Amino acid sequence: MSFSTARSAAVLAIALAAFAVSCDAEPAEQPALSPSSAVSASASASSSPSSGASRAGAQTDPGNLPPEKVRDAFAGLQATLDDACTPGNCAYFLGRVHDELHRLDRAMKADPKGPGHFPEPIELVAELDEQLGGDRSFENLKKHQTALIGTRDKINTWMQGHPDDYR
């Protein structure tokens, strides 16, 4: 074995040993988060693209989330089009449709074009909210399932007629 090969093998062995030790080490203690930094951390985590499913099921205060682009919120609503209220999935599905409608509503109201640019979708969500009476329980969403899905479909149709708002 030449000196160069032996030295390369030793460097590789040291690197592997260091990696193994770092993988086996206990994680450093995380500092306690203040309530405001905990909200910031959860808001950043919920805005990542891969958190769509967890965001939909999470009960978050919409006032703490930064405004989204209409196209991103609309994509979330469109993602519900191929799903349905099945026995094992109905509560999740109806809750997600409700959450995605309100996510889009917030995005439209915060859009630089102004809420007047999206009168019909905003009105449709307001009408749905009036029917739901502030109750987003599964039983109430199930009772108003036709209105919930109808609102989603009407907004989808309206948005399809306004492609410049989501592309």
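Predicted model, so just to flag it, every value in this text is computed and none were measured.
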Enquirer: Ala73 and Glu68: which non-hydrogen atoms are nearest, and at how many Å?
Expert: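 Taking Ala73 first and Glu68 second, the nearest heavy atoms are N-OE1, 4.5 Å.
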Enquirer: Thinking salt bridges, do Asp99 and Arg103 make one under a 4.0 Å N-O criterion?
Expert: no
Enquirer: Does any N or O in the side chain of Arg152 come within less than 3.5 Å of the main-chain N or O of Thr80, such that one atom is a donor and the other an acceptor?
Expert: yes
Enquirer: As an exercise, state the distance from CG of Leu77 to CE of Met159, rounded to the nearest 0.5 Å.
Expert: 9.0 Å
Enquirer: Please round to the nearest 0.5 Å and tell me the distance separating atom CG of Leu148 and atom NZ of Lys143.
Expert: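 That separation rounds to 14.0 Å.
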Enquirer: Could you tell me if the side chain of Lys69 sits less than 4.5 Å from the side chain of Asp72, heavy atoms only?
Expert: yes
Enquirer: Taking all heavy atoms of Trp158 and all of Pro121, pick out the closest pair and write down the distance.
Expert: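 Smallest heavy-atom distance, with atoms named: CE3-CG, 3.4 Å.
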Enquirer: Do you reckon Phe93 sits in the same ILVMFWY cluster as Leu81, going by side-chain contacts under 4.5 Å, direct or chained?
Expert: no
Enquirer: Can you find a heavy atom in the side chain of Ser137 that is under 4.5 Å from one in the side chain of Lys142?
Expert: no
Enquirer: Give a yes or no answer on whether the side chain of Arg136 reaches the backbone of Leu141 with a donor-acceptor pair at less than 3.5 Å.
Expert: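 No: the side chain of Arg136 does not pair with the backbone of Leu141.
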Enquirer: Where is the tightest heavy-atom contact between Gly116 and Pro119, given as atom of each residue plus distance?
Expert: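 Taking every non-hydrogen atom into account, O-CD, 3.3 Å.
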Enquirer: Taking ring pair (Phe, Tyr, Trp, His ring centres under 6.0 Å) as the test, write out the residues that go with His117, two or more places apart.
Expert: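 Result, ring pair (Phe, Tyr, Trp, His ring centres under 6.0 Å) vs His117: none returned.
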Enquirer: With rounding to the nearest 0.5 angstrom, report the CD to CZ distance, Glu123 to Phe118.
Expert: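 Separation between the atoms: 15.5 Å.
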Enquirer: If you take all heavy atoms of Lys109 and Pro115, which pair is closest and at what distance?
Expert: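 Residues Lys109 and Pro115, closest heavy atoms: O-CD, 3.9 Å.
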Enquirer: With the side chain counted from C-beta on, respond yes when Phe74 and Gln160 share a heavy-atom pair under 4.5 Å apart, and no when they do not.
Expert: yes
Enquirer: Looking at Leu132, is its backbone amide N or carbonyl O close enough to the side chain of Asn140 to form a donor-acceptor pair, meaning the two atoms are under 3.5 Å apart?
Expert: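 Yes; judged by distance alone, with no hydrogens or angles, the pair exists.
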Enquirer: Once you round to the nearest 0.5 Å, how far does CG of Leu104 lie from OG1 of Thr151?
Expert: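 Going from CG on Leu104 over to OG1 on Thr151, the span is 12.0 Å.
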Enquirer: Rounded to the nearest 0.5 Å, what's the gap from OH on Tyr92 to OG1 on Thr86? Could you check?
Expert: 11.5 Å
Enquirer: Below 4.5 Å, heavy atoms only, C-beta onward: do Val125 and Ile155 meet side chain to side chain?
Expert: yes
Enquirer: Which distance, rounded to the nearest 0.5 Å, do you find between the CG of Leu94 and the CD of Glu139?
Expert: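 It is 11.0 Å, given to the nearest 0.5 Å.
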Enquirer: With sequence neighbours excluded, tell me which residues meet ring pair (Phe, Tyr, Trp, His ring centres under 6.0 Å) with His144.
Expert: none
Enquirer: Residues in salt bridge (Lys or Arg N to Asp or Glu O under 4.0 Å) with Asp111, at least two apart?
Expert: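 None.
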